[in-house]
Number of protein chains: 2
Amino acid sequence: MKTTAIDPKIDLKSIKDCPNSFVMAVNDTMNVLTGKWKLPIMATLIFGKKRFKEIEREIPRITPRMLSKELRELELNGIVKRTVHDTIPVTIEYEFTPSGRSIKNVLDAMVEWGQEHRNTVMNRLSKVNL
Amino acid sequence: MKTTAIDPKIDLKSIKDCPNSFVMAVNDTMNVLTGKWKLPIMATLIFGKKRFKEIEREIPRITPRMLSKELRELELNGIVKRTVHDTIPVTIEYEFTPSGRSIKNVLDAMVEWGQEHRNTVMNRLSKVNL
DNA sequence: CTGTATCCTCCGAGATACTG
DNA sequence: CAGTATCTCGGAGGATACAG
């Protein structure tokens, strides 16, 4: 089998080229997940809707600038939904979209592998240090 | 239920604190996956051992500096194994460790979500543009 | 062939102050 | 409350040349 060149920024025409389209799909997922605060933010939303200030309070050391920026990205990516309630003053709620909620499957796989891999590394280290 | 504060750089003592230990495990996995070239490199290794130059040829625009750097990180993380053959000149082969190969489960989940999510976004866009 | 060594650029993210 | 506006800095990654 002739292996195909793999390009991190591949163009759309080659979407039917198998290994590359996989890399593309993984890249899409990565883009949603990368950034220092995306994961913590998503973790706060797992148990339901939250307001800006609530999220800020639950994530130590995040600045409003970063929270705002990351929430906007997540919204643009169709991961979270932003709802404005015209109370006085206005309150804003953030929550997962269905698509956002379904990313939990990915996170589950990552948790499982992360824990297994940590054990593997620990075992290797403890054997080395006997 | 009292929600716990989520910290991206949590210390090890709180490993038993459930939501945080999940975030930690996900972070471990992310650390292995982040970097512009890790995924393309891993993609080249899916079908078996490869030499430095072979990998370099299959990944357009990667520089030896970056390939070297990323391979070293992958090796340190226990994802790939580096084997030196004392031919003349020496040839070096890179391949997955079992732990590295098992990350495929994560990638599969990412491929599936990435493709679903792309469809979701496409549908939304095409409805907007009717 | 399998990498290192330098130098350089750009962007993610922190600090801090301010706004409607 | 829910953000925005500036300023700054470190580190990821590129270009290019060189080494064993």
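Here is the naming used below: chain letters follow the sequence lines, and residue numbers restart at 1 for every chain. All values derive from a computational prediction rather than experimental measurement.
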Check your understanding: Please give, in whole Å, the distance from dT4(C) P to Leu67(B) CG?
Key ->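 In whole Å, dT4(C) P and Leu67(B) CG are 11 Å from each other.
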Practice item. Can you tell me the distance, in whole Å, between the CD atom of Glu54(B) and the P atom of dC1(C)? Key: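 Distance, rounded to whole Å: 10 Å.
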Review point. Do Ile103(B) and Phe47(B) share a hydrophobic cluster (ILVMFWY, side-chain heavy atoms under 4.5 Å, transitive)?
Key: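 Looking at the clustering, Phe47(B) is in the same group as Ile103(B).
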Check your understanding: Between Thr63(B) and Met66(B), is any pair of side-chain heavy atoms under 4.5 Å apart?
Key ->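 Result yes, sub-4.5 Å side-chain heavy-atom pair found.
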**Study point:** Close side-chain approach of Ile55(A) and Leu45(A), heavy atoms under 4.5 Å
**Key:**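 Yes - at least one pair of side-chain heavy atoms lies under 4.5 Å apart.
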Practice item. Would you mind listing every salt bridge (charged side-chain N to carboxylate O under 4.0 Å, His left out) that reaches into residues 105-115 of chain B, with sequence neighbours excluded? Key: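 Listed once each, the pairs are Lys104(B)-Asp108(B).
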Check your understanding: Is the number of heavy atoms from other residues, nucleotides or ligands under 6.0 Å of Asp86(B) CG greater than 12?
Key ->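 Check fails, neighbour count at 12 or below.
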Practice item. Give me the residues of residues 75-85 of chain A where at least one heavy atom lies under 4.0 Å from an atom of DNA chain C, by number, or none. Key: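 Per residue number, the list is empty: none.
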Table of protein N/O atoms under 3.5 Å from nucleotides 8-11 of chain C N/O atoms:
none

Practice item. Mark up nucleotides 12-20 of chain C, 5' to 3', with B wherever a protein heavy atom is under 4.0 angstrom from a base atom, S wherever such an atom reaches only the sugar-phosphate, and - elsewhere. Key: -BBB-----
Point to revise | Selection residues 97-130 of chain B - residue pairs positive for ring-ring contact (aromatic ring centres under 6.0 Å, His included), sequence neighbours left out | key: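 Output for this query lists Trp113(B)-His117(B).
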With sequence neighbours excluded, tell me which residues meet side chain to side chain contact (heavy atoms under 4.5 Å, CB included) with [X].
X        : result
Asp28(B) : Arg118(A)
Glu73(A) : Lys38(A), Lys69(A), Glu70(A)
Thr34(B) : Met30(A), Thr34(A), Met30(B)

Exercise for review: I would like to know whether Arg101(B) and Thr97(B) meet side chain to side chain donor-acceptor pair (under 3.5 Å); could you show each step before the answer?
Suggested key: CA-CA 6 Å; Arg101(B) 212 168 293 110; Thr97(B) 60; over 6 Å; no
**Study point:** Arg124(A) vs Thr120(A), side chain to side chain donor-acceptor pair (under 3.5 Å): CA-CA, chis, key distance, verdict
**Key:** CA-CA 6 Å; Arg124(A) 196 184 48 187; Thr120(A) 308; over 6 Å; no
Review point. Mapping Arg72(B) and Lys53(B) onto DNA chain C by nearest heavy atom, which one lands closer to the 5' end?
Key: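 Its nearest nucleotide being more 5', the pick is Lys53(B).
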Exercise for review: Give me the first and last nucleotide of DNA chain D, going 5' to 3', that has any atom under 4.0 Å from a heavy atom of chain B.
Suggested key: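 Counting from the 5' end, contacts occupy dG13(D) to dA15(D).
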Exercise for review: Would you mind listing the cluster partners of Val121(B)? Hydrophobic ones only (ILVMFWY), side-chain contacts under 4.5 Å, chaining allowed.
Suggested key: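 When side chains under 4.5 Å apart are linked, the cluster holding Val121(B) also contains Leu125(B).
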Point to revise | Atom of Pro40(A), atom of Trp37(A) and distance for their closest heavy-atom approach | key: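 Distance-wise, the nearest heavy atoms are CD-O, 3.3 Å.
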Exercise for review: Compute the bend angle of the helix from dC1(C)-dG20(D) to dG20(C)-dC1(D) from the end axes (five pairs per end), rounded to 10°.
Suggested key: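 End-to-end axis angle for the helix from dC1(C)-dG20(D) to dG20(C)-dC1(D): 50°, rounded to 10°.
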Exercise for review: Check for a donor-acceptor pair, side chain of Thr91(A) on one end and backbone N or O of Thr87(A) on the other, with a separation under 3.5 Å.
Suggested key: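 The answer is no, because no donor-acceptor pair under 3.5 Å joins these two groups.
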Donor-acceptor pairs are to be reported for all side-chain atoms of residues 78-85 of chain B against protein atoms at under 3.5 Å, with residues two or more places apart or in another chain.
| residue | atom | partner | partner atom | Å |
| --- | --- | --- | --- | --- |
| Lys81(B) | NZ | Glu95(B) | OE2 | 3.3 |
| Arg82(B) | NE | Tyr94(B) | OH | 3.2 |
| His85(B) | NE2 | Glu93(B) | OE1 | 2.9 |

